[in-house]
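The next block holds one structure in the form of structure tokens; read it before the comments.
Please read all numbers here as calculations on a predicted model, not as lab measurements.
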Amino acid sequence: MHVHIEVRVTVANLDEVERIASAIIDRRLAAAVQITAPITSIYWWRGAVHRTQEWLLLIKTTGDRFNELAACVRELHSYEVPQIIAVPLVAGTADYLEWIRQETSPEPGA
């Protein structure tokens, strides 16, 4: 997996967003979580098309932390199959990428 990634998670409501985002940050699984305004998602689920309002989390982390982050999301998420996808950060300023690395280290300041 790439060194730096952005994980994208959709969530059903604002209370759940706050709970998941706070747990991710408290456990140092990400350097930052951005919460978007509500979005509309249109998708297939169990043979029917659904249209729902969701919130999108944009989570800045490292590839090394993905599995722990995904487990944290699954633990707190209300969906049976939550969206937990990662996209590589193919470029970024050196100081920003270093900040992500430092803040997601299991040992802060490492």
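E16 contributes atom CD, which lies 9.5 Å from atom OG1 of T10 (distance to the nearest 0.5 angstrom). Distance check: S78 OG to R19 CZ gives 7.5 Å after rounding to the nearest 0.5 Å. Taking NE2 from H50 and CD1 from I42, the interatomic distance works out to 12.5 Å, rounded to the nearest 0.5 Å. Rounding to the nearest 0.5 Å places CG of L69 at 10.0 Å from OG1 of T104. Taking CG from N13 and CD from E18, the interatomic distance works out to 10.5 Å, rounded to the nearest 0.5 Å.
Results of the side chain to side chain contact (heavy atoms under 4.5 Å, CB included) test with I35 over I20, L57, L58 single out L57 as the only residue that passes.
Within the 4.5 Å cutoff, no side-chain heavy atoms of T61 are placed close to those of F66. The closest side-chain heavy-atom distance from V7 to V73 is not below 4.5 Å. Two residues are said to be in side-chain contact when any heavy atoms from C-beta on lie closer than 4.5 Å; P106 and R65 meet this criterion. The shortest side-chain heavy-atom distance between L29 and I59 does not fall under the 4.5 Å cut-off.
Side chain of H4 to backbone of L97: a donor-acceptor contact under 3.5 angstrom is found. In terms of modelled atom types and a separation under 3.5 Å, the side chain of H77 and the main chain of A12 share no donor-acceptor contact. Within the 3.5 Å criterion, the main-chain N or O of V3 finds no donor-acceptor partner in the side chain of R101.
Summarising the geometry of A23 relative to L76, their closest heavy-atom pair is CB-CD1, 3.4 Å, with the distance given to 0.1 Å. Residues W55 and V17 share a closest heavy-atom pair of CB-CG2, 3.4 Å.
Residues D95 and T93 bring a donor and an acceptor atom of their side chains to less than 3.5 Å of each other.
Residue pairs meeting the salt bridge (charged side-chain N to carboxylate O under 4.0 Å, His left out) criterion with at least one partner in residues 46-60, sequence neighbours excluded, are E6-K60, R46-E80.
Under the 4.5 Å side-chain heavy-atom criterion for grouping Ile, Leu, Val, Met, Phe, Trp and Tyr, I85 is not connected to W45 through any hydrophobic cluster. The cluster map of Ile, Leu, Val, Met, Phe, Trp and Tyr, joined by side-chain heavy atoms under 4.5 Å apart, puts V9 and Y43 in different clusters. Residues V11 and Y79 do not share a hydrophobic cluster, clusters being chains of Ile/Leu/Val/Met/Phe/Trp/Tyr side chains in contact below 4.5 Å.
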